[in-house]
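I have placed the structure first, in the form of structure tokens, so that the comments after it can refer back to it.
Count residues from 1 along the sequence. Bear in mind that the values here come from a model prediction, so they are computed numbers and not experimental data.
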Amino acid sequence: MVKVYADWASDQSTRRSTSGGAKRVAGALVLCWSRTQTTVATSSAEGELNVIGSGAVEGLGTQSLLSELNMTAPVSYTHLRAHETPEHL
């Protein structure tokens, strides 16, 4: 399962958004991240779209790795809403 979160223009000096997320396999946390996005989003929707793409890449990468190891695990994706906070990860 991949859960992601974005905070639009949270860096006051560069106006870049912060994105973060958590990746779990079989209930175990295998990756947790928080990054400043490389581009300046001109809207909150653009910042959210960037984090959705990052989450999809993380999920597909895990799915590919598990496939190469002849393992399976359900892959799901959750995008936290604006009223939810990173603590919900």
Correct closest heavy-atom pair for T39 and R16 would be O-CG, 4.1 Å
request  = Treating Ile, Leu, Val, Met, Phe, Trp and Tyr as nodes and any side-chain heavy-atom pair under 4.5 angstrom as an edge, say whether V30 and L66 lie in one connected cluster.
outcome  = yes
S34 and T18 have their tightest heavy-atom pair at OG-CG2, 3.7 Å
S43 meets the side-chain hydrogen bond (donor to acceptor under 3.5 Å, both in side chains) criterion, sequence neighbours left out, with none
With a 3.5 Å distance limit and no angle check, can you tell me whether T62 reaches the backbone of E58 through a side-chain donor-acceptor pair? yes
Residue set satisfying side-chain hydrogen bond (donor to acceptor under 3.5 Å, both in side chains) with T42, at least two apart, ordered chain then number -> E46
Minimal heavy-atom distance between V4 and V2, with the atoms involved, is CG1-CG1, 4.0 Å
Distance col, row S64:OG vs L69:CG, nearest 0.5 angstrom, shows 9.5 Å
When every non-hydrogen atom of V51 is compared with those of G20, the smallest separation belongs to CG2-O, 4.0 Å
Separation between SG (C32) and NZ (K3), nearest 0.5 Å, reads 11.5 Å
Is it the case that one hydrophobic cluster holds both V25 and L65, taking links as side-chain heavy atoms less than 4.5 Å apart, direct or via other members? yes
Using atom types as modelled and distance alone, determine if a side-chain donor or acceptor of Q37 lies under 3.5 Å from a backbone N or O of G47. yes
